[in-house]
Novice: 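Before anything else, here's the structure in question.
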Amino acid sequence: MTSREPNSAENVVILGGGLTGIAAAVHLRVPWQLFEREGNLGGLAITREREGYRFDRTGHWLHLRDPGMQKLVAETLPGQMVQVERKARVFSHGATTLYPFQANLYGLPPEVVKECLLGVIEAKVQPPGAVDPKNFEEYCLRHFGAGISKHFMIPYNERLWGVSPREITADWCSRFVPLPNLEQVVAGAVGANAGDLGYNASFLYPKQGGIQTFAAALAGRLDPARVHTSASLDELDFQRREAVFGGERVPYSAVVATLPLPELLRRMPGLPKDIEAHASRLRCTTLRYLDLATRSRPSADWHWVYVPEKRFPFYRVGIFSNAMASMAPPGGGSFYVELANRGPVSEATVRESVQGLVEMGAIASPEDVLFADAREIDYAYVVFDDHYYAATSAIFAFLESHAIYPRGRYGAWTYNSMEDALIAGREVAATIEAKNGESKR
């Protein structure tokens, strides 16, 4: 661990060097120290390289809507970020269709299109005053009808989240699940353009080096004397306001906690019993996926595809090199393959995945695959179940009463984008500075 600054009761401790932690440090104008357990900063926004092929930790496409974030990114990597128009697809019933499924039924078997259209029409003419959906499955049936729910929304989301949509509330999805009107659904069913739907119609991506190029450039704006890598949190003593790393106690005035919320709480001895009970109810799913390289160019031209059918071992596949050719050697392809099975990746799963890619038309033949490396993300998708809001509300209130600010996708225990992570870092810096100013009055 690198040397410390003099201990200071006004010191802000940042736990975790992912995008939120880096952004918080960039924006803070009071003393801070950042601690990251890995050897480098970036969190999940890192890029692996093997034999000239590059792989992010699955899809990390940067969508910007906030003017401040647009300015920050432009200043951080001037002229090096390319805007890419999304090519997202859905593969089901042997057909590749446009995304989102609910607004692009054209190309599916006629009986499927008929079932989906009748279902959505029935849902749209439902009398007002009906009871609000209690879970995500009911939300889908309410907004999309039985056909679209059956053929895509329910099976796909069950594979994504790893639990039944009946176990998930509908509150998380307003921004991330496009809701086309009836005219758009009909237009997409007959082949007319329903228009670009969804928050990610375009994205930014570095010309070279993968998403880590951006994370590293942002981290390059930090004072290296305040950054401590290979420094894992042993304990957070909220009563004495001290963080412990390798046996060394570091006093703090505030903490920005971006490590996964359950990991933070496990390192906080003396928690009240009700907070421990709420912590025990936090749920998430692990993601296992493949970094897959091909010797020749992919047969498909899409950037990523959604796969709702259970006969495939994967639910989503992306092609980095289709979005940015520099992600693979000339003539090659770099893929990420997200697996629905949360267990260890077997050789059979790899074989079935490769066969599935051939069936989808993504690659020409199994012999085209150069390698497929199994990867894992322990904390991938937070489960928004019936306990979620009560548990997180109580936990966050307790933490912030002790000047501990859980932020970022896993610190705040939520589902969001890279831009949201950057905004969270900016906003928590402003919050801490405002409270610091109040305490001096």
Side-chain angles (χ1 to χ4, degrees), residues 1-48 57 72 76 211-269 377-379 399 402-412 418 421-422 424-433 435-436:
M1 190 182 300
T2 56
S3 61
R4 298 277 186 268
E5 295 177 350
N7 286 343
S8 168
E10 294 186 354
N11 184 46
V12 176
V13 165
I14 302 170
L15 301 176
L19 292 182
T20 299
I22 296 170
V26 166
H27 288 93
L28 275 169
R29 294 171 296 180
V30 297
W32 56 266
Q33 293 187 80
L34 187 153
F35 298 86
E36 165 57 44
R37 71 172 183 173
E38 302 295 337
N40 296 289
L41 302 187
L44 292 180
I46 62 171
T47 305
R48 293 189 173 97
R57 299 202 71 184
L72 176 67
T76 301
I211 200 61
Q212 185 168 332
T213 298
F214 170 68
L218 190 63
R221 302 178 64 162
L222 304 182
D223 177 359
R226 301 184 185 189
V227 175
H228 312 285
T229 54
S230 301
S232 183
L233 177 70
D234 300 327
E235 179 184 317
L236 189 65
D237 188 335
F238 64 92
Q239 294 168 324
R240 296 177 60 179
R241 293 202 175 188
E242 292 179 339
V244 184
F245 305 90
E248 184 174 352
R249 305 184 78 88
V250 179
Y252 63 80
S253 59
V255 171
V256 178
T258 74
L259 71 166
L261 186 59
E263 298 292 337
L264 172 70
L265 296 170
R266 288 190 193 105
R267 290 163 173 77
M268 295 179 63
I377 299 175
D378 288 335
Y379 293 91
L399 292 175
H402 291 277
I404 301 166
Y405 300 92
R407 296 294 189 271
R409 178 161 173 167
Y410 300 107
M418 283 191 289
L422 295 168
R426 179 186 68 189
E427 292 183 347
V428 75
T431 297
I432 289 171
E433 288 173 0
K435 289 187 177 294
N436 188 53

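This structure is a prediction, so every number in the text was calculated from the model and none was measured.
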Novice: In Å and rounded to the nearest 0.5 Å, what is the OG1 to CG distance from T20 to L15?
Specialist: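 These two atoms lie 12.5 Å from each other.
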
Novice: Answer yes or no: does atom CG of N40 have more than 12 heavy-atom neighbours from other residues, nucleotides or ligands under 6.0 Å?
Specialist: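 Check fails, neighbour count at 12 or below.
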
Novice: Taking the side chain as C-beta and beyond, is there a heavy-atom pair between R249 and E235 under 4.5 Å?
Specialist: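 The answer is yes, as the side chains (C-beta and beyond) meet within the 4.5 Å cut-off.
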
Novice: Should W32 and Y252 count as side-chain neighbours, where that means a heavy-atom distance under 4.5 Å?
Specialist: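 No, side chains not in contact.
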
Novice: So, do L259 and R37 sit near enough that their side-chain heavy atoms are less than 4.5 Å apart?
Specialist: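 No, side chains not in contact.
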
Novice: Could you tell me if the side chain of L399 sits less than 4.5 Å from the side chain of L261, heavy atoms only?
Specialist: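 Yes, close enough: below the 4.5 Å cut-off.
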
Novice: Which pair of heavy atoms, one from I14 and one from G21, lies closest together, and at what distance?
Specialist: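 So the minimum-distance heavy-atom pair works out to CG2-CA, 3.7 Å.
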
Novice: Measuring from atom CG of L28 to atom CD of Q33, what distance do you get when rounded to the nearest 0.5 angstrom?
Specialist: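 Here the rounded value is 12.5 Å.
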
Novice: Atom CZ in R48, atom CZ in R57: separation rounded to 0.5 Å?
Specialist: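 Atom-to-atom, R48:CZ and R57:CZ are 4.5 Å apart.
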
Novice: To the nearest 0.5 Å, what is the distance between CE on M268 and CG on L233?
Specialist: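 So the CE of M268 and the CG of L233 are separated by 9.5 Å.
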
Novice: Given 3.5 Å as the limit, does a donor-acceptor pair link the side chain of Y405 with the main chain of I432, or not?
Specialist: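 Not confirmed, Y405 side chain does not pair with I432 backbone.
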
Novice: Quick one: CD1 on I46 to CG on L41, what's the gap to the nearest 0.5 Å?
Specialist: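 I46 CD1 to L41 CG: 11.0 Å, rounded to 0.5 Å.
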
Novice: Treating R267 as the side-chain partner and E263 as the backbone partner, does any N or O pair qualify as donor plus acceptor under 3.5 Å?
Specialist: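 Yes, the answer is positive, given that a donor and an acceptor are paired below the 3.5 Å cut-off.
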
Novice: Are any of the side-chain heavy atoms of L264 and I404 separated by less than 4.5 Å?
Specialist: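 SC-SC contact between L264 and I404 confirmed.
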
Novice: Nearest 0.5 Å, please: how far is CG in L19 from CG in L44?
Specialist: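 Rounded to the nearest 0.5 Å, the CG-CG separation comes to 9.0 Å.
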
Novice: Are the side chains of I22 and V26 in contact, using a 4.5 Å heavy-atom criterion?
Specialist: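 V26 vs I22: side chains touch.
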
Novice: If only atom types and distance count, is the side chain of T76 paired as donor or acceptor with the main-chain N or O of L218 below 3.5 Å?
Specialist: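 No; zero donor-acceptor contacts below 3.5 Å.
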
Novice: What pair of heavy atoms forms the shortest contact from R241 to S253, and how long is it?
Specialist: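 Heavy atoms only, the tightest pair is NH1-O, 3.3 Å.
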
Novice: Is the side chain of T258 donor-acceptor paired with the backbone N or O of R407 at a distance under 3.5 Å, no angle test?
Specialist: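 Flag not set: sc T258 to bb R407 has no pair under 3.5 Å.
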
Novice: Going through the distances and angles, do N11 and V250 end up as a side chain to side chain contact (heavy atoms under 4.5 Å, CB included)?
Specialist: CA-CA 9 Å; N11 184 46; V250 179; 3.8 Å; yes

Novice: Kindly assign one of parallel, tilted or perpendicular to the pair F35 and F245, based on the angle between their ring planes and the thresholds 30° and 60°.
Specialist: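 Parallel: the ring planes of F35 and F245 meet at under 30°.
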
Novice: Ignoring hydrogens and angles, tell me if any N or O in the side chain of E36 forms a donor-acceptor pair with the backbone of E38 under 3.5 Å.
Specialist: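 At least one qualifying donor-acceptor pair exists.
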
Novice: If I compare all heavy atoms of G408 with all of A424, which pair ends up nearest, and what's the gap?
Specialist: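 Taking every non-hydrogen atom into account, N-CB, 4.2 Å.
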
